[in-house]
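Sequential numbering from 1 along the given sequence is applied to the chain's residues. Excluded from the calculations below are hydrogen atoms, water molecules and symmetry mates; all remaining heavy atoms, backbone and side chain alike, are included.
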Amino acid sequence: MADEPLDAAAAAAEAETPSTAAAAAAASPALLLRPRRVAFEHGLLPIPKLVFPEGTLTQTLAQTKERLIAAAGGDGDASAAPRVGAAALAEALQIPRELAALVLGTLAAVLPAEEEAEDADLRDVLLFLYIQSYKRLVPRAHKDSPAVTDVWPSTSAFDGYLSALSPIQLVRSNSRRFMPSQADEEAHQLSYLQKHMVNILSLLADSVDGEGDESMVLTAETFEHLGFLFQFSEGTPLSQVATFFANSDPDMPAAPVPAAQVHDWILQNIAASLENTAEKLTAKENSQQSASDPDVTMAEAVTNSRIHSSSPTGTAVPNNQGHYRNTTFLEGFSKTSVVLNCHDSVIYILAPVKYATVYGCSDTTIVLGAVGKVVKVEHCERVQIIAASKRICIANCRECIFYLGVNHQPLIVGDNHKLQVAPFNTYYPQLGEHLVQVGVDSNINKWDQPFVLGVVDPHDSLSHPAGVSDVQAESATCLDPDLFTNFLIPSWFEAQGPTKYNPFTLPEVYWASQRKKHVSLEDIQKNIRELELDDTRKKELASALHAQFKDWLYASGNIRQLYCLQGE
């Protein structure tokens with residue numbers, strides 16, 4: 001079926017009942033239904049007013065749907081698919097307009113569509129609001145502890161312990177062995193959708209004349225909006241697998257399908273995917289040679305990527321002596337990138353990607369070339385992030401500096417301390433082309449306009465121990481212009497491109513500081529040249545200057561960049 005799924009399935013559907021056709025599609029090992037991780041990883045906002053109690057969730061969203069349709073001048077039929085703007089959403093949810101704009105902006109960033117708009121389709125808004133009830137998977141229990149299902153979602157003493165840890169202590173503590181893997185989280189997302197799918201479909205369905213299950217139907221267009229939550233392996237669109245929407249006449253739209261039939265089809269595919277995931281996890285656990293190392297390796301974390309690393313915990317590059325220690329290369333990315341648990345390293349991701357996640361890093365410099373959707377930085381300490389992106393979300397970080405070229409306000413959430421922001425400070429030959437490719441506008445930079453939400457994340461039980469009420473997160477301060485420096489990217493790969501300078505305009509106060517430093521350097525060089533010293537004193541002066549420069553390199557962390565530049 002992997003070689004001929006579309007035509008063969010369409011022909012077979014004429015002779016099969018919908019349920020057997022759905023079962024056949026669900027049984028295909030090449031077309032496994034998967035959750036769109038982007039929606040859950042970048043689309044959850046820590047805004048309590050968006051998280052409705054599970055018992056009233058469907059009713060509340062149904063009422064919200066009616067208000068939004070009325071605001072758009074509709075007749076109560078979702079098939080009209082009105083567009084929802086910030087003003088209407090703010091009124092319907094009773095939230096400030098700036099929060100409504102943040103909701104729509106975040107939704108736009110996680111939709112499958114390439115283009116972004118200031119308003120959104122009602123069906124996408126409803127799906128986005130529904131998954132705000134999702135709770136991230138809690139740590140797996142020790143074999144001698146109660147099962148996760150016995151205690152979740154109740155808050156435990158474990159939460160208090162983790163909340164007391166610093167970001168890097170959290171990801172490197174012994175508790176890491178119990179943290180859920182990406183496969184665990186994906187299975188959890190599928191289980192969540194499995195449980196709530198009947199309610200989700202009821203919000204999207206249209207009412208028609210009929211009795212029982214026949215009275216609620218989904219059009220092919222509405223069905224496609226479920227692509228916000230699901231995708232098939234290899235990126236196959238939902239409608240190409242769902243044979244009940246096949247139509248031999250392309251000039252005629254496919255007839256609506258009972259919502260119950262769609263529900264059965266989705267549940268069958270979810271069940272097949274969960275079974276496949278369980279088999280893989282069991283095989284992986286049986287094949288593990290040792291359980292002593294709980295960390296996910298970089299090679300496992302970055303899918304479809306080639307990693308070269310000479311950092312202590314990475315992969316050595318024995319054939320090129322120009323690659324010095326503490327330098328990590330990540331190449332060959334496809335749409336997304338992940339950097340996990342790096343320490344004392346320099347990481348370059350000089351490629352156009354849609355999403356990037358930096359998690360659990362310390363004392364590291366990370367350069368992200370061009371990110372078309374969202375950069376998310378979590379649980380990092382003493383990290384320098386240099387990123388050109390449409391958006392960035394910063395959560396639970398300490399003593400980090402962010403050199404940003406961003407088209408939207410940096411979103412700051414969670415328990416942060418001593419964060420600093422500064423304008424973008426680097427370039428490489430293809431940067432301008434990469435920015436155009438992913439849709440980042442270098443003429444717009446809101447690096448100094450952080451949007452700050454609360455400390456408590458209602459989607460994550462680890463971020464809010466019992467008895468802790470929400471307060472506004474600590475914001476970031478602007479880096480002192482006198483401490484601002486340009487970052488030089490080494491030209492290891494001899495890449496050619498038109499970009500010869502930083503495409504983002506540097507604010508005047510930072511330009512003035514740069515000019516001041518340049519003039520001071522010229523004065524020092526002139527004074528040194530004019531000194532009348534014998535050879536011995538010249539050597540002593542040179543030695544003193546080198547020692548001071550070396551001390552500055554180590555104190556500032558720029559020694560790692562020097563290693564990179566020496567490797568050119």
Problem set entry | Spacing of OG1 belonging to T58 relative to NZ belonging to K65, to within rounding of 0.5 Å | 11.5 Å
Exercise. R123 and T222: side-chain hydrogen bond (donor to acceptor under 3.5 Å, both in side chains), yes or no, with the steps?
Worked result: CA-CA 7 Å; R123 293 163 291 198; T222 297; 3.0 Å; yes
Problem set entry | Verdict with supporting geometry, S389 and L368, side-chain contact (heavy atoms from CB on, under 4.5 Å) | CA-CA 8 Å; S389 175; L368 300 172; over 6 Å; no
For this session: Working to the nearest 0.5 Å, report the span between CD1 of I394 and CG of N396.
Result: 11.5 Å
Exercise. Taking C-beta and beyond as the side chain, do L104 and L89 meet within less than 4.5 Å on heavy atoms?
Worked result: yes
For this session: Apply side-chain contact (heavy atoms from CB on, under 4.5 Å) to V375 and C393, showing your working.
Result: CA-CA 6 Å; V375 175; C393 177; over 6 Å; no
Exercise. Counting N and O atoms only, with roles assigned by atom type, does the side chain of D119 sit under 3.5 Å from a partner on the main chain of R83, one being a donor and the other an acceptor?
Worked result: no
Seminar exercise, completed: With sequence neighbours left out, the residues meeting ring pair (Phe, Tyr, Trp, His ring centres under 6.0 Å) with F424 are F504
For this session: For S475 and P450, work out which heavy atoms get closest and say how close.
Result: OG-CG, 3.5 Å
Problem set entry | D448: partners by side-chain hydrogen bond (donor to acceptor under 3.5 Å, both in side chains), with sequence neighbours left out | none
For this session: Go through the steps to decide whether Y355 and H42 satisfy the test side-chain hydrogen bond (donor to acceptor under 3.5 Å, both in side chains), and finish with yes or no.
Result: CA-CA 9 Å; Y355 302 93; H42 296 282; over 6 Å; no
For this session: Taking the side chain as every heavy atom from C-beta outward, state whether R391 and V406 have any atom pair closer than 4.5 Å.
Result: no
Exercise. Are any non-hydrogen side-chain atoms of L229 and Q189 less than 4.5 angstrom apart?
Worked result: no
For this session: Please test L404 against I392 for side-chain contact (heavy atoms from CB on, under 4.5 Å), starting from the C-alpha separation and ending with a verdict.
Result: CA-CA 9 Å; L404 302 177; I392 186 169; 3.8 Å; yes
Exercise. Would you say R34 has more than 12 foreign heavy atoms packed within less than 6.0 Å of its CZ?
Worked result: no
Exercise. Between Y130 and H196, does the ring centre distance come in under 6.0 Å?
Worked result: yes
For this session: Verify, without hydrogens or angle tests, whether K390 (side chain) and V374 (backbone) share a donor-acceptor contact under 3.5 angstrom.
Result: no
Exercise. Which word best sums up how the rings of F40 and Y192 line up, parallel for under 30°, tilted for 30 to 60°, or perpendicular for over 60°?
Worked result: perpendicular
Exercise. So, are R97 and E91 salt-bridged, with charged N and O less than 4.0 Å apart?
Worked result: no
Exercise. Minimum heavy-atom separation for G43 to T106, with atom names?
Worked result: CA-CG2, 4.0 Å
For this session: Using a 4.5 Å cut-off on heavy atoms from C-beta on, say whether the side chain of V383 contacts that of F402.
Result: no
Problem set entry | Donor-acceptor under 3.5 Å (Q409 side chain, Q449 main chain) | yes
For this session: Working to the nearest 0.5 Å, report the span between CG of D124 and CG of D121.
Result: 5.0 Å
Exercise. Salt-bridged, K135 to E54, with N to O below 4.0 Å?
Worked result: no
Problem set entry | CG-CG distance between N269 and L33, expressed to the nearest 0.5 angstrom | 5.5 Å
Problem set entry | Flag side-chain contact, heavy atom, 4.5 Å: V371 against V440 | no
Exercise. Hey, is the main chain of S442 close enough, under 3.5 Å, to the side chain of N445 for a donor-acceptor pair?
Worked result: no
Exercise. Is the shortest heavy-atom distance from the side chain of P96 to the side chain of L99 under 4.5 Å?
Worked result: yes
For this session: Give, for atom CZ of R398 and atom NE2 of H379, the distance between the pair rounded to the nearest 0.5 Å.
Result: 10.5 Å
Exercise. Aromatic rings F128 and F228: how do their planes relate, parallel, tilted or perpendicular, breaks at 30° and 60°?
Worked result: tilted
Exercise. Which distance, rounded to the nearest 0.5 Å, do you find between the NZ of K373 and the CD of E116?
Worked result: 4.5 Å
Exercise. With a 4.5 Å limit on heavy-atom distance, are the side chains of F52 and Q132 in contact?
Worked result: no
Exercise. Does a side-chain heavy-atom distance below 4.5 Å link L411 with L45?
Worked result: yes
For this session: Could you go through the side-chain contact (heavy atoms from CB on, under 4.5 Å) check for I412 and L453 one step at a time?
Result: CA-CA 6 Å; I412 299 179; L453 293 180; over 6 Å; no
Problem set entry | Electrostatic pair E114:K354 at N-O distance under 4.0 angstrom | yes
Exercise. So, E275 and K280, do they make that salt bridge, N to O below 4.0 Å?
Worked result: no
Seminar exercise, completed: Minimal heavy-atom distance between P35 and L193, with the atoms involved, is CB-CD1, 4.4 Å
Problem set entry | Minimum-distance pair of heavy atoms, taken over all atoms of A473 and V455 | CA-CG2, 3.7 Å
